[in-house]
Every structure is written in structure tokens, then in C-alpha cells.
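One structure is given below, encoded as C-alpha cells.
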Amino acid sequence: MTQRTKKMVWCLRALVLVVPVCAVGQTTQPADVAALSAEEQERLQQLRGIIENPADSLGTRQAQAESLLRTGWAAATRTLGELLSPSAHPSTRIAVCQAIAAVGAVDPALLQEHHAGLVEPLLRLLGDSAEGVSARAAAALAAYPDGGVTERLGALAADPQASPEQRSAAVDALASSVYKRAVARQIMTLLPTDNTELRGRALRALRCVSRKDFGEDVAAWQAWWEHQESTLSDEDWLREKERMFFQRLLEAQGELERVRADQERRYGTLAERLTVLLRQNYRLVPQRPQKDEILARWLNDDQPEFRLAALAIISEEIQEGMLPADTVVAAVIEGLEYRMPEVRRAALGIIGAMGVPENAEAVLALLRDEQVDASARQTAFRVLGQLRNPAAIPTLIREIDASQSPSAPAGCVAEAAGALAVLGAKGKVDPDVITPAVPVLLDRLARTPADQVHVRGFLLRAMAGIAAAEFGPALTEALGSEQAPLLVPAIEGLVALGDASCSDRLVALVAHTDPRVREAAAKAMGKLGGEPAHLEALMRHLNPPGETNDAVRAEAWNGWREILARKPVEERLRWADRLREMPDRQQTYLEGLVRELSSHNPAPPELAGARERLATLLMARGDAAAALPIWQRLLAGQEAADDASAATVRVHVLTAAAAAGRWELVAEMMTRLATAPDDVRGRAADEAAKAITDRLNKSDLDGLRALLAALEPVDMTPYKPELHTAVGAAKKKLAEPPPAPTTAPATTAPAA
């Protein structure tokens with residue numbers, strides 16, 4: 001039973017032990033009780049009260065019966081004998097029997113010396129009708145050394161006046177005994193019986209004792225026994241007894257583990273229920289000062305459950321944006337001195353979550369205590385990174401330094417390195433403070449076995465944060481690994497060093513099986529890459545199915561654009577054309593490029609090409625409303641030159657205006673294109689005719705009427721006959737009388 005389980009059990013017992021020592025009106029005491037001191041008498045009464053209390057668990061009651069047996073008092077034997085009487089509750093008899101068996105398995109001499117008087121009460125329980133009592137009594141009798149108990153059991157088993165249940169139970173007790181020679185002698189006397197049931201039980205007992213199996217052949221069993229009696233020495237039988245004791249020891253160990261697991265489960269359930277109750281009571285308190293007072297009180301309670309409940313509440317409130325009061329913070333910091341690791345870790349977690357650099361001193365003070373357990377130390381190093389106080393750097397370096405901390409746990413070294421990666425990040429601390437960490441990290445990495453991947457990864461992370469030039473070879477070597485915990489910090493470190501020589505390796509890593517590596521490689525390629533192969537590699541991870549991880553796709557997209565941002569605009573436009581199979585990406589990139597080029601003064605000539613690509617893409621995607629203003633801006637830039645290129649842009653404006661329902665703009669473009677070259681004027685006529693036909697096909701008479709009204713002033717003479725035909729069909733459609741309204745047929749009223 002663990003210490004905290006014992007505490008919980010004794011807390012529960014305290015509720016039971018509030019009973020009077022002596023019954024009201026009691027004037028005399030038995031002599032064996034009178035021989036005890038007052039303190040011993042009180043303990044006797046307390047133990048008896050627990051053993052007799054059915055509200056207590058059977059395990060607790062058995063434990064108290066064992067304690068009573070081990071006192072060796074004469075009063076203990078008499079008291080336990082009374083508790084084995086038929087008048088006692090069956091569960092009480094079972095608890096005492098189990099206690100006798102447990103004590104006998106460990107210290108049989110104690111039963112022989114002090115508690116031989118319990119044999120008769122146990123014999124009377126054999127065949128007891130209450131469930132489980134007889135079997136427990138048999139097990140208890142089997143635990144007694146061979147001081148006449150075996151003979152008594154054999155006599156009871158052979159007694160024809162005894163009940164069948166008693167005789168069977170006696171045989172079972174013999175079968176469980178470790179004193180095999182005497183047991184076998186008693187069982188052999190039962191074989192000639194005419195009672196087939198008893199003989200069958202005796203044969204089963206013999207199989208258990210002898211580890212032989214002659215079936216139902218009594219003669220074979222007798223021959224075996226004659227051989228055993230005549231040839232086996234006492235030493236041989238003693239070895240058999242040792243084997244039996246060893247077997248029982250293994251069984252006892254298994255039972256102990258089961259009991260421990262059960263106690264831990266029960267403790268966990270009780271602790272969980274207590275925590276729920278404490279939280280419910282806390283929420284019922286309306287005022288903040290009273291809440292803070294409760295938290296401070298719980299944080300100073302002797303019972304860890306109260307402290308843990310308070311720490312859990314504080315942690316939740318911090319996550320909700322509510323910082324604890326100063327008095328509560330002080331109590332949390334004082335809790336670092338509490339020896340229970342769970343309490344320390346929870347308190348450290350709160351200190352780290354608050355992120356107050358000044359609290360680093362309390363954490364450093366905890367680390368100076370050599371008695372602090374490894375799990376709390378490991379948490380403390382992690383918290384120092386969260387507090388971001390450079391004063392912790394020397395302590396972190398000392399933990400990593402193999403010459404100063406050769407036996408530091410691997411987890412502590414890893415967390416210290418992780419904190420150093422944050423506190424010693426390049427540019428955030430005086431170089432003189434962090435420089436001593438450089439040789440320490442390199443030495444610890446060289447000493448750390450290859451299979452300690454976790455620790456090596458954290459050491460590389462510290463190197464990546466500090467980004468000293470001396471770390472270059474170690475980071476490059478780690479880049480040749482295939483393990484994600486090593487690759488990610490190695491990539492980040494080489495980026496921090498600006499080492500572009502690794503960019504070709506990044507092409508392979510951007511296709512790594514681990515998404516963390518792919519993400520880091522894609523991000524690094526954006527910083528260090530520049531070759532077409534790098535852009536090609538990133539493009540394969542811009543969209544599914546090439547890449548299913550969202551974070552990797554985002555970094556591949558950022559890296560792809562970052563590389564192109566360093567390229568000439570003409571090359572950027574060519575790569576934008578490569579995105580035609582990814583229209584969302586293409587639109588986003590072109591929109592960003594147009595914004596960027598538009599901000600230049602004067603605007604670069606490539607702006608027109610970027611706008612044209614964007615407008616064409618928007619039209620292909622059916623977004624004429626967004627494409628139209630872009631075409632208009634392009635047209636405004638070419639208005640001064642009334643050449644073929646301006647005419648072509650006017651056709652694009654006409655097309656977008658027609659799709660967007662901007663009829664006045666359609667008419668304006670038709671007027672201005674009347675003198676355009678034949679091929680351009682033909683395209684304009686086709687677009688205008690298409691707009692009319694679309695309205696006809698959709699029976700959009702209002703739109704058709706508005707379009708014809710806008711085109712009425714336009715001189716259609718220069719345009720080809722197909723446009724005139726479309727206009728004529730539209731006018732004819734509009735001239736048709738509207739269809740007669742549909743009326744429902746009259747219903748005939750039924751005859752009266």
C-alpha cells in the first residue's frame with residue numbers, strides 16, 4: 001500500500017474509530033485484557049471495532065485482524081476466537097480467516113506460538129453454511145505448522161459422524177497444507193472408504209500434494225505411497241515443502257500486486273470525487289476575495305488532494321484570462337517546497353503559464369535543492385524557458401555541462417537545452433552570457449548516445465536558437481539523418497546560419513514522410529532556395545493530392561512566393577502561368593503581384609501583363625464583375641494610342657461588360673470599335689450578338705429591352721450581318737404580345 005493510499009485509508013478510519021473504549025456499565029475485564037496497558041487496551045478495542053464493522057472494506061478489516069495477530073497478546077487470541085464464533089457476522093469470520101492465512105504464509109511460527117487456540121474455532125467453521133466461510137477456514141488451518149493440526153484434519157475427514165460438508169472441507173484444508181508428508185499420510189487413510197465422493201476428493205488432494213496422477217487406481221496410489229515412505233528422506237520432503245512455500249510466495253506476490261492496484265484505483269476514485277466536490281463548493285462562493293482566501297488555504301493544506309484541486313482551479317482560470325491574486329501566487333510558490341512530485345509539477349506549470357520573469361528565482365531555488373525528484377526538476381527547466389529570464393542561463397548551462405552534471409537525467413538535460421534555445425536565442429541576450437554554452441552543447445551532443453534521439457534533438461534545438469557559427473558542422477551532420485526530432489532543429493539551425501549549401505538536401509526533405517520535416521524544409525527552402533528545382537519541389541506540395549497536410553501546404557506556398565520575390569518580374573509572371581492548374585493559387589499570386597507593382601512609382605511596364613493575366617483568369621472563372629475594372633484600367637493606360645492593342649482591350653471590356661450586365665458600357669465600346677480593323681470589329685460584333693442571344697435564350701425580356709435601348713444610338717452599319725440578324729430577332733421577340741394569363745378551370749358546385 002502506498003503512503004498516500006495509507007493516508008486516505010486512515011482518514012476514512014478516523015470516522016469509524018470515534019467509539020468508546022469500554023461499554024457503558026462494564027465493571028470488570030478479562031484477565032488477559034487487564035494484563036494490557038491502557039494504551040494497548042484502547043488499541044485492542046479500536047482494532048476489534050474495525051474488524052467487526054461491515055461498512056469497512058474486507059481488505060481493511062483483514063489488515064486490522066493481521067495487526068491484532070502480530071501483537072502476540074493472549075487477549076488477541078481470545079478476541080479473534082470470539083470473532084470466529086457462529087454468532088459473528090460471516091464477513092467478520094472471513095476477514096479473520098484470511099488474516100490467519102496471510103500471517104501464516106509469512107510467519108507460521110507466530111500462529112504456533114501465540115495462536116494455537118484458534119485451531120478449534122477454525123475447525124468448527126469447516127462446513128459452515130455461510131458462503132465462503134468454510135473455504136477461508138480451510139485455508140487458515142492449512143497455514144498452521146504441523147503441530148497436530150494435520151492429524152486433527154485427517155481425523156475429522158475420516159469421522160463418519162461428521163457432516164459431509166465438514167469432511168470435504170477438512171480434505172480441502174489438507175490439500176492446501178505445505179506439510180506434505182504428514183498430509184499424504186492422512187489422505188492415504190481415506191482411500192479405502194466406501195464414500196465415493198470423499199474418496200474422489202481425497203484423490204484430487206493427492207494429485208495436488210504429489211504432483212502425480214494415477215487416476216482412480218487406489219492400488220497404484222498405495223504403491224506410490226509405500227515407495228515414498230520407504231525411500232524419500234526427510235530432506236526430500238523438506239525440499240517439497242520449500243517448493244510449496246515458494247509457490248505460495250509467488251501467489252502472495254500476485255495477490256499483493258492485485259491489492260495494491262485495487263487500492264490505487266480506490267484512492268484515485270476517492271481523490272477524483274473529492275476534487276469534484278471541492279470545485280463545486282468553490283464555484284458557489286460569489287466574491288473574489290473569498291475565493292482567493294479559499295485557494296490560499298487549500299494551497300497550504302497538509303493533504304495533497306486539496307493542494308492539487310486548488311492548483312487545477314488556478315490553472316483553468318489562467319487559461320480563461322484570469323490571473324491569480326498576489327496572495328495566491330505566493331502560496332503557489334511556497335508549494336514548491338511540498339515534497340509530493342504531483343504538487344510541485346502542478347505549481348511549476350502555473351508559474352510557467354503566468355510567464356512572470358521575476359518568478360524564475362523561486363524555480364532556481366528549487367533546482368538548488370538536490371533532493372528534488374527528477375520529474376519536478378525536468379518540469380522546472382521547461383518552466384525557466386517560459387519565464388524568459390536570462391538569469392537562468394548559467395543554471396541551464398551547468399545542467400547540460402557533462403563535466404559539472406555527469407549524472408544529470410536525460411530528461412533534465414533535454415529540457416534545459418530546450419529552455420536555453422529560448423533564452424539564448426540569437427540577438428536576445430548578451431553574447432558574453434551565452435558564449436560559454438557553445439562548447440558545452442557540442443560536448444554533450446558528442447557524449448549523448450545515438451539512441452537518445454529526444455535528447456539530441458533538444459541539444460540541436462539549442463544550437464539552432466543560439467546560431468553560433470561553431471554549430472555548423474554538427475547541424476550539417478544531423479541534416480543527413482532521417483529522424484524528425486533531429487532534422488527539424490538541424491534545418492532551422494542552418495537557416496539561422498544562412499547556410500544555403502543545404503538547399504539541395506531540402507529538395508529531398510520536402511518530400512519526407514514526417515509532415516514536421518516537410519514543413520520545416522519548405523519554410524527553409526523559401527529562405528535559402530533559388531533554383532528552378534526548388535520551385536518545382538515546392539509546387540508539388542501546394543495542393544492535394546500532392547500534399548495532404550495543411551501546415552506543409554501553407555509553408556510550401558509561402559516558400560514558393562518568397563523565392564520568386566527575389567526574381568525578376570518577367571520570371572515571376574512565367575511561374576505564375578505555371579499555376580494554371582491551381583486557379584485559386586494563381587489568382588491569389590497575381591492579385592498580390594498586381595498590388596505590389598501598382599505601389600511602384602512609376603509603375604513598371606510588367607504591371608500591364610500582370611493585370612491582363614489576372615483579368616483573363618477572372619473571366620475564365622466567371623467573375624466578370626471583378627475582371628471589368630481591371631480591363632478598364634488597362635484600357636486607360638492605352639487610350640493615348642489608338643492602335644490595334646487598344647482595340648483588343650476594348651473588346652475585352654465589351655465582353656466583361658456584357659457578362660456583368662453593363663449595357664451602357666457595351667454600347668460605348670461598340671461605338672468606339674466601329675473604325676477598328678475588320679477582325680477586331682468582327683469579334684466585337686460576335687460578343688454583342690452573343691449578349692443578345694443569351695438574353696433571348698434565358699427569356700430575359702427586361703435585360704433584352706435594356707440592351708437594345710443602350711444599342712439604339714449605335715451605328716450598326718460597320719458591323720457584319722450576324723449582329724443585325726440578332727438585333728432583328730430581339731426586336732421581333734419584344735414585339736410579340738404577352739401570353740394570355742393562365743386561369744384555373746371553373747369548378748362545378750355539387751347539386752344540392
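Here the structure is a predicted model, which means the values were calculated and not measured. The first residue in the sequence is number 1, and the count goes up from there. Side chains are part of it too, since the values below use all heavy atoms of this structure and drop only hydrogens, waters and symmetry mates.
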Test item: His541 side-chain N/O and Leu538 main-chain N/O as donor-acceptor pair under 3.5 Å:
no

Without swapping roles, check the side chain of Thr616 against the backbone of Arg613 for a donor-acceptor pair under 3.5 Å.
no

Carboxylate-amine/guanidinium contact Asp679 Arg683, below 4.0 Å
no

Any residue meeting ring-ring contact (aromatic ring centres under 6.0 Å, His included) with Phe471, in chain and number order, not counting sequence neighbours:
none

With sequence neighbours excluded, tell me which residues meet side-chain hydrogen bond (donor to acceptor under 3.5 Å, both in side chains) with Arg377.
Glu399

State plainly whether the residues Glu596 and Arg572 are in salt-bridge range, i.e. N to O under 4.0 Å.
yes

How would you list, by chain and number, every residue that makes a side-chain hydrogen bond (donor to acceptor under 3.5 Å, both in side chains) with Glu536, sequence neighbours excluded?
Arg578

Quick check: are there more than 12 heavy atoms from other residues, nucleotides or ligands sitting under 6.0 Å from NZ of Lys527?
no

Arg705/Glu712 salt bridge by N-O under 4.0 Å criterion
no

For the side chain of Arg444 and the backbone of Ile400, is there at least one donor-acceptor N/O pair under 3.5 Å apart?
yes

Taking NZ, NE, NH1 and NH2 as the nitrogens, is one of them in Asp623 or Arg621 under 4.0 Å from a carboxylate oxygen of the other?
no

Work out which heavy atom in Val455 is nearest to a heavy atom in Ala414; give both atom names and the distance.
CA-CB, 4.2 Å

Heavy-atom distance under 4.5 Å between the side chains of Val422 and Arg388, does that happen here?
yes

Arg695: side-chain hydrogen bond (donor to acceptor under 3.5 Å, both in side chains) partners, not counting sequence neighbours
Asp700

Identify the heavy atoms of Ala474 and Leu460 that sit nearest to each other, and give their distance.
O-CD2, 4.3 Å

Tell me, with the steps shown, if Val507 and Met525 meet side chain to side chain contact (heavy atoms under 4.5 Å, CB included).
CA-CA 8 Å; Val507 173; Met525 201 178 292; 4.1 Å; yes

Apply side chain to side chain contact (heavy atoms under 4.5 Å, CB included) to residues Leu723 and Met670 and explain how you reach the verdict.
CA-CA 11 Å; Leu723 177 57; Met670 292 292 292; 3.6 Å; yes

Backbone N or O of Leu542 within a donor-acceptor pair of the Arg585 side chain at under 3.5 Å?
yes

Using atom types as modelled and distance alone, determine if a side-chain donor or acceptor of Ser315 lies under 3.5 Å from a backbone N or O of Leu311.
no

Could you tell me which residues satisfy ring-ring contact (aromatic ring centres under 6.0 Å, His included) with Trp631, sequence neighbours excluded, listed by chain and number?
His652

Stepwise side chain to side chain contact (heavy atoms under 4.5 Å, CB included) test for Val594 and Leu607:
CA-CA 6 Å; Val594 167; Leu607 175 58; 4.2 Å; yes

Nearest 0.5 Å please: distance from the CD1 atom of Ile466 over to the CG atom of Leu420.
4.5 Å

N-O pairing of Arg681 and Asp678 below 4.0 Å:
yes

Indicate yes or no for a side-chain donor-acceptor contact from Glu547 to the backbone of Arg540 under 3.5 Å, with no hydrogens or angles considered.
no

Run the salt-bridge test on Lys720 and Asp686 with the 4.0 Å N-O cut-off and return the result as yes or no.
yes

According to ring-ring contact (aromatic ring centres under 6.0 Å, His included), who are the partners of Tyr589, at least two apart in sequence or on a separate chain?
Trp560

For Leu445, is there any backbone N or O sitting under 3.5 Å from a side-chain donor or acceptor partner on Arg456?
yes

Got more than 12 heavy atoms from elsewhere within 6.0 Å of NZ, Lys428?
no

Counting N and O atoms only, with roles assigned by atom type, does the side chain of Thr379 sit under 3.5 Å from a partner on the main chain of Ser375, one being a donor and the other an acceptor?
yes

Mind checking whether Leu593 and Leu614 have side chains closer than 4.5 Å, heavy atoms only?
no

Report yes or no: does His724 contribute a side-chain atom to a donor-acceptor pair with the main-chain N or O of Met716 at less than 3.5 Å?
yes

Does atom CD of Glu736 have more than 12 heavy-atom neighbours from other groups under 6.0 Å away?
yes

Pair Leu711, Trp663 - check side chain to side chain contact (heavy atoms under 4.5 Å, CB included), show working.
CA-CA 8 Å; Leu711 292 175; Trp663 313 127; over 6 Å; no

Salt-bridge contact Asp550-Arg553 (side-chain N to carboxylate O under 4.0 Å)
yes

Return the CZ to CD distance between Arg650 and Glu668, rounded to the nearest 0.5 Å.
9.0 Å

Crowding at CG, Asp326 (>12 non-hydrogen neighbours, <6.0 Å):
no

